[in-house]
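Structure first, then comments.
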Amino acid sequence: MKKAAILQSNYIPWKGYFDLIASVDEFIIYDEMQYTKNDWRNRNKIKTNKGVEWLTIPVRVESISQKINETLIFDKNWSKKHRAALQTNYAKATCFKETKDFIFNLYEEASHTNNLSEINLIFIKGICSFLNIKTKISLSTDYNLGEGKTERLINLCKQTNSDSYISGPSAKDYLDENLFIQNNIELQWMDYSGYTEYQQLHPPFEHGVSILDLIFNEGNNAKNFLKY
(Lines give C-alpha, C1' and ligand atoms only; values in the text may rest on other atoms or scores of the structure.)
Protein backbone atom coordinates (compact mmCIF):
# COMPACT_ATOMS: atom_id res chain seq x y z
CA MET A 1 0.00 0.00 0.00
CA LYS A 2 1.42 3.35 -1.05
CA LYS A 3 0.65 6.30 1.23
CA ALA A 4 0.60 9.95 0.17
CA ALA A 5 0.19 13.30 1.90
CA ILE A 6 -0.45 16.65 0.23
CA LEU A 7 0.19 19.96 1.98
CA GLN A 8 1.28 23.53 1.32
CA SER A 9 4.88 24.36 2.16
CA ASN A 10 5.65 26.09 5.46
CA TYR A 11 8.69 28.08 6.51
CA ILE A 12 10.85 25.68 8.58
CA PRO A 13 7.76 23.99 10.04
CA TRP A 14 7.22 22.29 13.37
CA LYS A 15 8.07 18.65 14.08
CA GLY A 16 4.53 17.45 13.25
CA TYR A 17 4.99 18.53 9.63
CA PHE A 18 8.08 16.34 9.33
CA ASP A 19 6.28 13.48 11.05
CA LEU A 20 3.60 13.69 8.38
CA ILE A 21 6.30 13.53 5.69
CA ALA A 22 7.92 10.54 7.39
CA SER A 23 4.61 8.69 7.65
CA VAL A 24 4.05 8.48 3.87
CA ASP A 25 5.80 7.20 0.75
CA GLU A 26 5.31 10.41 -1.24
CA PHE A 27 4.79 13.92 0.07
CA ILE A 28 3.38 16.41 -2.43
CA ILE A 29 3.88 20.12 -1.86
CA TYR A 30 0.71 21.89 -2.94
CA ASP A 31 1.92 25.44 -3.56
CA GLU A 32 -0.56 26.15 -6.34
CA MET A 33 -2.91 27.23 -3.56
CA GLN A 34 -3.68 30.89 -2.82
CA TYR A 35 -1.12 32.61 -0.61
CA THR A 36 -2.65 33.59 2.73
CA LYS A 37 -1.37 36.39 4.95
CA ASN A 38 -0.45 35.80 8.60
CA ASP A 39 -0.12 32.09 8.02
CA TRP A 40 2.66 29.48 8.19
CA ARG A 41 3.81 29.89 4.59
CA ASN A 42 6.42 32.58 5.34
CA ARG A 43 6.84 32.47 9.11
CA ASN A 44 7.29 30.24 12.12
CA LYS A 45 7.89 30.44 15.86
CA ILE A 46 11.06 30.16 17.93
CA LYS A 47 11.68 30.22 21.68
CA THR A 48 13.28 33.32 23.23
CA ASN A 49 13.88 34.51 26.78
CA LYS A 50 10.85 36.78 26.25
CA GLY A 51 8.59 33.94 25.17
CA VAL A 52 7.62 32.61 21.75
CA GLU A 53 8.37 34.98 18.87
CA TRP A 54 7.92 34.88 15.09
CA LEU A 55 10.60 34.58 12.43
CA THR A 56 8.99 36.08 9.33
CA ILE A 57 10.19 36.28 5.73
CA PRO A 58 8.96 39.60 4.26
CA VAL A 59 7.03 38.92 1.04
CA ARG A 60 5.23 40.89 -1.64
CA VAL A 61 1.45 40.41 -1.79
CA GLU A 62 0.34 41.96 -5.07
CA SER A 63 -3.07 40.35 -5.62
CA ILE A 64 -5.70 38.45 -3.68
CA SER A 65 -5.39 35.52 -6.12
CA GLN A 66 -1.61 35.26 -5.76
CA LYS A 67 -0.42 31.67 -5.38
CA ILE A 68 2.17 30.49 -2.88
CA ASN A 69 4.57 29.55 -5.67
CA GLU A 70 4.19 33.04 -7.16
CA THR A 71 5.12 34.79 -3.91
CA LEU A 72 8.40 36.72 -3.91
CA ILE A 73 10.65 38.12 -1.18
CA PHE A 74 11.26 41.87 -0.99
CA ASP A 75 14.06 42.08 1.61
CA LYS A 76 17.24 40.40 0.41
CA ASN A 77 18.69 40.59 3.94
CA TRP A 78 16.02 38.38 5.50
CA SER A 79 18.38 35.39 5.74
CA LYS A 80 21.07 37.36 7.55
CA LYS A 81 18.52 38.73 10.01
CA HIS A 82 17.07 35.28 10.75
CA ARG A 83 20.52 33.79 11.34
CA ALA A 84 21.31 36.60 13.75
CA ALA A 85 18.05 35.95 15.64
CA LEU A 86 18.83 32.23 15.91
CA GLN A 87 22.37 32.94 17.07
CA THR A 88 21.05 35.28 19.78
CA ASN A 89 18.32 32.99 21.05
CA TYR A 90 19.90 29.53 20.69
CA ALA A 91 23.62 30.07 21.32
CA LYS A 92 23.21 28.43 24.74
CA ALA A 93 21.24 25.45 23.44
CA THR A 94 23.02 22.13 24.07
CA CYS A 95 23.54 21.20 20.42
CA PHE A 96 23.68 24.63 18.79
CA LYS A 97 27.41 24.51 18.01
CA GLU A 98 27.24 21.09 16.37
CA THR A 99 24.17 21.87 14.23
CA LYS A 100 24.58 25.59 13.48
CA ASP A 101 26.73 25.17 10.37
CA PHE A 102 24.30 22.73 8.77
CA ILE A 103 21.30 25.00 9.37
CA PHE A 104 23.13 28.20 8.44
CA ASN A 105 24.32 26.59 5.20
CA LEU A 106 20.66 26.03 4.31
CA TYR A 107 20.07 29.73 4.95
CA GLU A 108 22.96 30.58 2.67
CA GLU A 109 21.52 28.39 -0.08
CA ALA A 110 18.05 29.88 0.42
CA SER A 111 19.39 33.43 0.18
CA HIS A 112 20.10 32.93 -3.54
CA THR A 113 16.42 32.81 -4.54
CA ASN A 114 13.61 35.28 -3.94
CA ASN A 115 10.81 32.73 -4.43
CA LEU A 116 9.09 31.68 -1.19
CA SER A 117 8.24 28.15 -2.36
CA GLU A 118 11.84 27.52 -3.39
CA ILE A 119 13.09 28.77 -0.03
CA ASN A 120 10.69 26.53 1.88
CA LEU A 121 11.64 23.53 -0.25
CA ILE A 122 15.35 24.03 0.49
CA PHE A 123 14.69 23.86 4.23
CA ILE A 124 12.17 21.01 4.05
CA LYS A 125 14.47 18.78 1.98
CA GLY A 126 17.54 19.71 4.00
CA ILE A 127 15.95 18.97 7.35
CA CYS A 128 14.45 15.71 6.04
CA SER A 129 18.02 14.69 5.18
CA PHE A 130 19.18 15.64 8.68
CA LEU A 131 16.37 13.57 10.21
CA ASN A 132 17.06 10.64 7.84
CA ILE A 133 13.56 10.87 6.33
CA LYS A 134 13.65 9.08 2.97
CA THR A 135 10.18 10.02 1.68
CA LYS A 136 9.91 11.14 -1.94
CA ILE A 137 9.07 14.85 -2.08
CA SER A 138 7.38 16.13 -5.21
CA LEU A 139 5.42 19.19 -6.35
CA SER A 140 1.75 19.36 -7.33
CA THR A 141 2.89 21.11 -10.53
CA ASP A 142 4.44 17.78 -11.57
CA TYR A 143 0.88 16.44 -11.98
CA ASN A 144 -2.53 17.41 -13.41
CA LEU A 145 -4.84 18.70 -10.70
CA GLY A 146 -8.31 19.12 -12.19
CA GLU A 147 -11.10 20.90 -10.29
CA GLY A 148 -12.59 20.68 -6.79
CA LYS A 149 -10.83 20.63 -3.41
CA THR A 150 -11.26 16.94 -2.68
CA GLU A 151 -11.22 15.90 -6.34
CA ARG A 152 -7.76 17.44 -6.78
CA LEU A 153 -6.38 15.41 -3.88
CA ILE A 154 -7.90 12.24 -5.27
CA ASN A 155 -6.42 12.99 -8.70
CA LEU A 156 -2.98 13.39 -7.14
CA CYS A 157 -3.36 10.11 -5.28
CA LYS A 158 -4.33 8.32 -8.49
CA GLN A 159 -1.48 9.81 -10.50
CA THR A 160 1.04 8.77 -7.83
CA ASN A 161 -0.54 5.30 -7.55
CA SER A 162 -1.33 5.96 -3.90
CA ASP A 163 -4.16 3.98 -2.35
CA SER A 164 -3.96 5.67 1.06
CA TYR A 165 -4.09 9.38 1.85
CA ILE A 166 -3.02 10.83 5.21
CA SER A 167 -4.38 14.26 6.07
CA GLY A 168 -3.93 16.72 8.88
CA PRO A 169 -6.96 16.88 11.22
CA SER A 170 -7.87 20.46 10.24
CA ALA A 171 -8.96 19.21 6.81
CA LYS A 172 -11.95 17.43 8.37
CA ASP A 173 -13.84 20.71 7.90
CA TYR A 174 -13.76 20.54 4.09
CA LEU A 175 -12.73 17.10 2.79
CA ASP A 176 -15.49 14.96 1.27
CA GLU A 177 -14.77 11.57 2.81
CA ASN A 178 -17.33 9.86 0.56
CA LEU A 179 -15.30 10.73 -2.54
CA PHE A 180 -12.33 8.87 -1.11
CA ILE A 181 -14.53 5.83 -0.45
CA GLN A 182 -15.96 5.97 -3.98
CA ASN A 183 -12.45 6.03 -5.44
CA ASN A 184 -11.15 3.20 -3.23
CA ILE A 185 -8.63 5.42 -1.48
CA GLU A 186 -8.19 4.95 2.24
CA LEU A 187 -8.41 8.23 4.17
CA GLN A 188 -6.42 8.45 7.41
CA TRP A 189 -6.09 11.34 9.86
CA MET A 190 -2.74 12.35 11.29
CA ASP A 191 -2.58 12.35 15.09
CA TYR A 192 -0.37 15.11 16.47
CA SER A 193 -0.97 14.31 20.13
CA GLY A 194 1.35 12.63 22.61
CA TYR A 195 4.71 14.15 21.72
CA THR A 196 7.47 13.71 24.31
CA GLU A 197 9.01 16.86 25.73
CA TYR A 198 12.74 17.42 25.19
CA GLN A 199 15.29 19.72 26.78
CA GLN A 200 14.20 23.20 25.76
CA LEU A 201 15.43 26.66 26.68
CA HIS A 202 13.15 29.18 28.39
CA PRO A 203 10.24 27.30 30.02
CA PRO A 204 7.32 26.67 29.84
CA PHE A 205 7.67 23.96 27.20
CA GLU A 206 6.18 24.69 23.76
CA HIS A 207 5.53 21.97 21.17
CA GLY A 208 4.27 24.26 18.42
CA VAL A 209 7.54 25.90 17.40
CA SER A 210 9.83 25.46 14.40
CA ILE A 211 11.72 22.17 14.31
CA LEU A 212 14.88 24.28 14.57
CA ASP A 213 14.17 24.40 18.29
CA LEU A 214 14.32 20.60 18.51
CA ILE A 215 17.44 20.40 16.34
CA PHE A 216 19.38 23.04 18.28
CA ASN A 217 18.46 21.45 21.61
CA GLU A 218 18.79 17.74 20.73
CA GLY A 219 21.06 17.61 17.66
CA ASN A 220 21.37 14.16 16.10
CA ASN A 221 19.00 12.86 18.77
CA ALA A 222 16.18 15.02 17.36
CA LYS A 223 14.69 12.21 15.24
CA ASN A 224 14.01 10.21 18.41
CA PHE A 225 11.37 12.78 19.38
CA LEU A 226 9.37 12.13 16.21
CA LYS A 227 6.78 9.37 15.98
CA TYR A 228 7.78 7.85 12.61
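Below, all heavy atoms of this structure are taken into account, side chains as well, without hydrogens, waters or symmetry copies. It should be emphasised that the depicted structure is a prediction, and the values quoted were computed from it without experimental measurement.
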Val24 vs Thr135, test: side-chain contact (heavy atoms from CB on, under 4.5 Å). Steps then yes/no. CA-CA 7 Å; Val24 298; Thr135 299; 4.0 Å; yes

Establish, from distance only, whether the side-chain atoms of Asn114 and Lys76 form a donor-acceptor pair under 3.5 Å. no

Using a 3.5 Å distance criterion without hydrogens, assess whether the side chain of Asp31 forms a donor-acceptor pair with backbone atoms of Ser9. yes

Without swapping roles, check the side chain of Asn155 against the backbone of Leu145 for a donor-acceptor pair under 3.5 Å. yes

In the structure I gave you, are the side-chain heavy atoms of Gln66 and Ser63 within less than 4.5 Å of one another anywhere? yes

Report the residue from Ile119, Asn42, Thr56, Val59 that forms a side-chain contact (heavy atoms from CB on, under 4.5 Å) with Trp78. Ile119

Taking Gln200 for its side chain and Glu206 for its backbone only, find out whether a donor-acceptor pair lies under 3.5 Å. yes

Could you walk me through whether Leu20 and Tyr228 pass the side-chain contact (heavy atoms from CB on, under 4.5 Å) test, one step at a time? CA-CA 8 Å; Leu20 179 59; Tyr228 291 91; over 6 Å; no

Residue pairs passing the salt bridge (charged side-chain N to carboxylate O under 4.0 Å, His left out) test where at least one lies in residues 94-112, sequence neighbours excluded: Arg83-Glu108

Going through the distances and angles, do Asn115 and Thr113 end up as a side-chain hydrogen bond (donor to acceptor under 3.5 Å, both in side chains)? CA-CA 6 Å; Asn115 181 280; Thr113 177; 5.5 Å; no

Give a yes or no on whether the backbone of Gly51 and the side-chain of Thr48 come within a donor-acceptor separation of less than 3.5 Å. yes

Do the rings of Trp54 and Trp40 sit parallel, tilted or perpendicular, given the 30° and 60° boundaries? tilted

Is any side-chain N of the basic residue among Glu26 and Lys2 closer than 4.0 Å to the acidic one's carboxylate O? yes

Taking the side chain from Thr196 and the backbone from Phe225, do they hold a donor-acceptor pair closer than 3.5 Å? no

Just by modelled atom types, is the Gln199 backbone N or O under 3.5 Å from a matching donor or acceptor in the Glu218 side chain? yes

Show, in sequence, the C-alpha distance, side-chain angles and deciding distance for Lys134 and Asn132, and conclude whether the side-chain hydrogen bond (donor to acceptor under 3.5 Å, both in side chains) test is met. CA-CA 6 Å; Lys134 306 293 188 181; Asn132 199 31; 3.1 Å; yes

Donor on one side chain, acceptor on other, Arg41 and Asn120, under 3.5 Å: no

If you round to the nearest 0.5 Å, how far is NZ of Lys223 from CG of Asn220? 5.5 Å

Between Thr71 (side chain) and Lys67 (backbone), is there a donor-acceptor pair under 3.5 Å? yes

I'd like to know whether Leu55 forms a side-chain contact (heavy atoms from CB on, under 4.5 Å) with Asn44, so could you lay out the CA-CA distance, the side-chain angles of the two residues, the decisive distance to 0.1 Å, and finally the verdict. CA-CA 5 Å; Leu55 276 185; Asn44 223 299; 5.9 Å; no

Taking the cut-offs as 6.0 angstrom to the six-membered ring centre and 45 degrees off its axis, would you call Lys15 and Tyr195 a cation-pi pair? yes

Can you measure from CG (Asn49) to CG (Leu201) and round to the nearest 0.5 angstrom? 9.5 Å

Tell me whether the guanidinium CZ or amine NZ of Lys45 lies under 6.0 angstrom from the six-membered ring centre of Trp14 and within 45° of its axis. no

What about Phe27 and Tyr17, are their ring centers closer than 6.0 Å? yes

Residues Gln188 and Ser164: side-chain donor-acceptor under 3.5 angstrom: yes

Side-chain ion pair, Lys3 and Asp163, N-O less than 4.0 Å: no

Between Leu116 and Leu72, is there a shared hydrophobic cluster once you connect ILVMFWY residues whose side-chain heavy atoms come closer than 4.5 Å? no

Is the distance from the ring center of Tyr198 to that of Phe205 below 6.0 Å? yes

Flag, side chain of Asp142 to backbone of Leu139, donor-acceptor distance under 3.5 Å: yes

Examine Phe216 together with Phe96 and report whether their ring centres are nearer than 6.0 Å. yes

Taking salt bridge (charged side-chain N to carboxylate O under 4.0 Å, His left out) as the test, write out the residues that go with Asp176, two or more places apart. none

Against His82, only a single residue in Phe123, Phe104, Tyr90, Tyr11 fulfils ring pair (Phe, Tyr, Trp, His ring centres under 6.0 Å); can you say which? Tyr11

Between Ser65 and Gln34, is there a side-chain donor-acceptor contact under 3.5 Å, judged purely by atom types and distance? no

Is there a donor-acceptor pair closer than 3.5 Å between any side-chain N or O of Asp19 and the backbone N or O of Lys227? yes

